[in-house]
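Please read the structure below before turning to the comments.
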Amino acid sequence: MHNCARYLIFFQYIGTKYRGVVKVPSHQLGKKGVQDHLEEAIQRLRPLNPVSLSVSSRTDTGVHALSNSAHFDLHRKNDNPPFTEDILVQALNFHLKAEQIR
């Protein structure tokens, strides 16, 4: 059996080097969106499911955000319980350390 949890995250970013908040199609070269980086960080938590964020709003290229939100579902293996808030925040910030996203 696998545990599944839906997480609501709040994040902020300095948008200078991003192409807005939403995911950038893979065929477009150049800057990535904030969503691309967040999904990569979540994938590093080794979920059983492919991760897809549902972002609450949009920003344009270069725009900063003090508080944005998104939700995602995460299936953990071996009947592991859902991540606690503190563990999730620490893990995502660790995997985003090279980015201006928290």
E85 atom CD, over 12 foreign heavy atoms within 6.0 Å: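 For E85, atom CD is not crowded (no more than 12 foreign heavy atoms under 6.0 Å).
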Within 6.0 angstrom of R102 CZ, more than 12 heavy atoms from elsewhere: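 Buried by this count: over 12 neighbours within 6.0 Å.
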L45 and L88: CA distance, side-chain angles, deciding distance, side-chain contact (heavy atoms from CB on, under 4.5 Å) verdict: CA-CA 9 Å; L45 302 177; L88 184 65; 3.8 Å; yes
Audit row: E40, K32, side-chain contact (heavy atoms from CB on, under 4.5 Å) steps and yes/no: CA-CA 11 Å; E40 288 171 9; K32 290 182 176 183; 2.5 Å; yes
Is [Y] close to [X] at the side-chain level, that is, under 4.5 Å between some pair of heavy atoms?
X	Y	value
N68	Q12	no
K17	E99	yes
S69	L8	yes

Could you grab the distance from atom [atom1] of [X] to atom [atom2] of [Y], nearest 0.5 Å is fine?
X	Y	atom1	atom2	value
L38	F11	CG	CZ	5.5 Å
L92	I87	CG	CD1	11.0 Å
H71	S56	NE2	OG	10.5 Å
Q100	I14	CD	CD1	6.0 Å
Q90	H95	CD	NE2	11.5 Å
Y7	L53	OH	CG	13.5 Å

Which heavy atom of [X] sits nearest to which heavy atom of [Y], and what is that distance?
X	Y	answer
V22	Q35	CA-OE1, 3.5 Å
H64	G15	ND1-N, 2.8 Å
V21	S57	CG1-O, 3.2 Å

Cluster link Y13 to V89, ILVMFWY, side chain under 4.5 Å: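 No; V89 is not reachable from Y13 via cluster members.
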same_hphob_cluster(I101, V24) at 4.5 Å side-chain heavy-atom cutoff: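 No.
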H37/Y18 aromatic ring centres below 6.0 Å: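 Yes - the distance between ring centres of H37 and Y18 falls below the 6.0 Å cut-off.
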Short side-chain donor-acceptor distance under 3.5 Å, Q43 and E39: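 There is no such pair between these side chains.
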Lys/Arg N to Asp/Glu carboxylate O, D36 vs K23, below 4.0 Å: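 The answer is no: the pair does not qualify as a salt bridge.
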